[in-house]
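Below is one structure; the comments refer to it alone.
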Amino acid sequence: MLKYLKKYWFYVLLAPLFMLGEAGMDLLQPKLMATIVDEGVLGVSNGGVGDLQIVIGVGIRMILLIFLGAVCGVLSGVFANLAAQNFANDVRKDAFDHIMHFSFAQTDRFTTGSLITRVTNDVTQIQNMIQMAIRGYVRTMILLVGGVIFMMELHLSFGRVVLCAMPFILLIMIGFLSRVTPKFGLLQERLDDVNNVVQENVAGNRVVKAYVQEEREKKRFGEANGRLVDTQLSILLLLNYMTPLMNIVLNMAVIAVIRVGSIQAGKMEVSPGNIMAAITYLSQILNALMRLGMMFQNVSRGMASSKRLKEVIDTVPEICDGVGYEEKAKELKASLPEKRGRVEFRDVSFAYEGRNSVLDHCSVKIEAGETVGILGMTGSGKTTLVNLIPRFYDVTGGEVLVDGVDVRDYKLEDLRSRIAYSMQKSELFLASIEENISWGKVGATKEELIDAATIAQAMEFIETKENGMKEEVSQSGHSLSGGQKQRVAIARAVVKEAEILIFDDSTSALDLRTESNLYHALKERYPERTKIIIAQRVASVKDADRILVLDEGCIAASGTHEELLESSPIYKDIYDSQMGGDD
């Protein structure tokens, strides 16, 4: 994590330097106060006659030093904040960038709630640790070391009191912190659990309400939150036991200084002002030790968060840019047709992590410009098959090729720029309809957006909106119906002008007439684009150039609608169940 601080080394250097000035001013105050008491009030060196001029003169010096210390403290805080805030900004952006490059499988392993915690709360904990390290530790160590030196200058017996008290303070700190430190990692995991429950319920609140499961989810949240509270309480209780014990040692040390000081004063070896200064220095020293204990607690929490964040930053994305695409494309240029968008599955197998095989030795060629429907029972591997084309997952066996080049050899940006993907669950963003569609093509003109929306059969409802294309869409598109969301998502895919269009059951919420108009418009306007349509309904794919029938991870049949009715029992069974035998 220190590499992120290198850019801000100047701030990291200035913050402790100014803190040195602030702490130095604090260390001078007791000695000046001792002078006021001994010389200005008691007149120890003047036969017991006080001197008002000394009180005024030294008092002014104290005020000036306090002001100078305050300025140094403010500047130290400013530079420490600049370093810590910029550090956190860079770490958070880098972590988010890594998350954006994770594969679906890697995101699932971390869980959404945990990733949110790591990018927010964990970064904040590290930021606090860094800020404390470059400011708080400097102040604490200066007061600690400087206080001991100044006390010994007053009288060696005062230094002995400090040296006797310090081991007890350190033993208390070490004892409690050794028990608290392991709990910080657990605390962050408990926070992950809470965030996971919140994220699931906010995203799925309509399901919760539809099934009247509010009480159940409140109970689940209460259990997760209860575990978080229990862990926090166990940490706070340990720390609350530590503070009174350290205060006992502090008060006993103060009593010891007063006792030693009275003895030495009786021998005329120390003055009343020196005893007051010694008590002040002792308070500074022991309070510094107590702050040190609290800072160790923050460091322990920061280190636990740092470890969790490093897991994200150090995780290498499983799906990365390929190499050799340009060379292979040049080699194949002569043999490939000019039309682009040819897809080939060559003996493809795939299994999700920890699960049985989903696809088993699938081989099929989809020519450029061809419209191919994919049909099959639920769980037959339809979505998994098309997810391999843009490399949402990588095959566990075989090859997926686009225009004769293995998708693993492409740069991800190059590959995915050639593919437009519309999913069954239409993800829309908190923006206008126009902005949601323009996600497909940066800088798309208004005419292009309207054209794409018209092909997607979306203009008929967009025109009824008060603000038309400028109508705001609520988070996750909840202000639109299911069919409206799907049409906006389809328009987003259409405007991309990609060579390969994938519709993963993305018309399931449309009526058959609207769906038919959509596919007819696509075929008429973009005959050169390759269109892959996953559907549950025979009516959605019956007019495709070719239909693939998947069964238990294998391509069981391939052909036109009429051919499959004659040759594929699976297709015939699906057709009969949906159409009742009537065309």
Side-chain angles (χ1 to χ4, degrees), residues 341 366-378 382-383 386 420-426 433 437 440 448-464 477 480-550 557-566 568 571-583:
I366 301 172
E367 296 299 333
E370 188 176 13
T371 299
V372 174
I374 301 178
L375 204 67
M377 298 293 185
T378 302
K382 303 184 296 297
T383 296
V386 297
Y421 200 120
S422 182
M423 305 178 187
Q424 179 182 12
K425 185 181 179 183
S426 306
I433 293 174
I437 296 175
E448 287 175 319
L449 297 175
I450 292 174
D451 188 44
T454 302
I455 292 171
Q457 312 300 304
M459 283 307 296
E460 62 182 57
F461 83 82
I462 291 174
E463 289 173 342
T464 65
L480 302 178
S481 70
Q484 290 172 342
K485 285 198 293 182
Q486 284 193 337
R487 281 178 280 176
V488 171
I490 291 168
R492 182 170 60 199
V494 170
V495 80
K496 189 175 180 181
E497 297 182 351
E499 297 149 18
I500 301 168
L501 272 170
I502 299 174
F503 296 97
D504 183 4
D505 206 14
S506 57
T507 58
S508 58
L510 304 185
D511 61 83
L512 289 175
R513 185 175 67 83
T514 303
E515 183 183 45
S516 177
N517 290 340
L518 162 66
Y519 289 136
H520 178 74
L522 278 173
K523 195 167 186 177
E524 186 178 87
R525 288 290 304 276
Y526 302 111
E528 76 286 354
R529 295 195 195 183
T530 304
K531 294 168 278 291
I532 301 173
I533 303 167
I534 293 177
Q536 301 289 345
R537 303 182 298 203
V538 170
S540 301
V541 297
K542 65 188 293 291
D543 294 325
D545 298 326
R546 189 157 43 114
I547 302 169
L548 306 179
V549 180
L550 261 66
S558 173
T560 64
H561 170 66
E562 292 76 16
E563 289 170 348
L564 291 174
L565 283 176
E566 296 292 330
S568 173
Y571 186 82
K572 182 71 164 60
D573 184 49
I574 296 172
Y575 176 79
D576 288 342
S577 68
Q578 293 183 7
M579 314 292 265
D582 297 327
D583 192 353

Is it true that a side-chain atom of [X] and a backbone atom of [Y] form a donor plus acceptor pair closer than 3.5 Å?
X: K531; Y: Y526; answer: yes
X: E463; Y: E460; answer: no
X: D545; Y: T371; answer: yes
X: Q578; Y: Y575; answer: no
X: T530; Y: G369; answer: yes
X: T454; Y: I450; answer: yes
X: T560; Y: E563; answer: yes
X: R487; Y: G483; answer: yes

Can you measure from [atom1] ([X]) to [atom2] ([Y]) and round to the nearest 0.5 angstrom?
X: T383; Y: D504; atom1: OG1; atom2: CG; value: 3.5 Å
X: L518; Y: I533; atom1: CG; atom2: CD1; value: 8.0 Å
X: L501; Y: Y421; atom1: CG; atom2: OH; value: 12.5 Å
X: I374; Y: I547; atom1: CD1; atom2: CD1; value: 11.0 Å
X: K496; Y: I437; atom1: NZ; atom2: CD1; value: 15.5 Å
X: S422; Y: R492; atom1: OG; atom2: CZ; value: 7.5 Å

If I compare all heavy atoms of [X] with all of [Y], which pair ends up nearest, and what's the gap?
X: I462; Y: A453; value: CD1-CB, 4.1 Å
X: E524; Y: P527; value: O-CD, 3.7 Å
X: A557; Y: L564; value: CB-CD2, 3.7 Å
X: A535; Y: L375; value: O-CD1, 3.1 Å
X: E515; Y: S540; value: OE2-OG, 2.6 Å

- Message: Against F503, only a single residue in V386, I534, I532, L522 fulfils side-chain contact (heavy atoms from CB on, under 4.5 Å); can you say which?
- Response: L522
- Task: Go through the steps for D543 and K523 under the test salt bridge (charged side-chain N to carboxylate O under 4.0 Å, His left out), then give the verdict.
- Result: CA-CA 11 Å; D543 294 325; K523 195 167 186 177; over 6 Å; no
- Taking atom types as modelled, is there a side-chain donor on Y571 or H561 under 3.5 Å from an acceptor on the other? yes
- For A509, all residues meeting side chain to side chain contact (heavy atoms under 4.5 Å, CB included), sequence neighbours excluded: Q486
- Message: What verdict does the side-chain contact (heavy atoms from CB on, under 4.5 Å) test give for I490 and S506, after you've listed the backbone C-alpha separation in whole Å, the side-chain angles of each residue and the deciding distance to 0.1 Å?
- Response: CA-CA 8 Å; I490 291 168; S506 57; 4.2 Å; yes
- Only counting residues at least two apart or in another chain, list the ones meeting side chain to side chain donor-acceptor pair (under 3.5 Å) with T514. D511
- Query: Residues two or more places apart in sequence or in another chain: which of them pass side chain to side chain donor-acceptor pair (under 3.5 Å) with Q457?
  - Reply: none
- Task: Might you work through the side-chain contact (heavy atoms from CB on, under 4.5 Å) test for D573 and M377, ending with a clear yes or no?
- Result: CA-CA 11 Å; D573 184 49; M377 298 293 185; 4.0 Å; yes
- Stepwise salt bridge (charged side-chain N to carboxylate O under 4.0 Å, His left out) check, D505 with R537: CA-CA 9 Å; D505 206 14; R537 303 182 298 203; over 6 Å; no
- Message: Between Q536 and S508, is the side-chain contact (heavy atoms from CB on, under 4.5 Å) condition met? List the steps.
- Response: CA-CA 8 Å; Q536 301 289 345; S508 58; over 6 Å; no
- Query: Is the closest side-chain heavy-atom distance between K572 and D576 below 4.5 Å?
  - Reply: yes
- Query: Given the rule in the salt bridge (charged side-chain N to carboxylate O under 4.0 Å, His left out) test, do E497 and R529 qualify, once you have shown the distances and angles that lead to the verdict?
  - Reply: CA-CA 9 Å; E497 297 182 351; R529 295 195 195 183; 5.1 Å; no
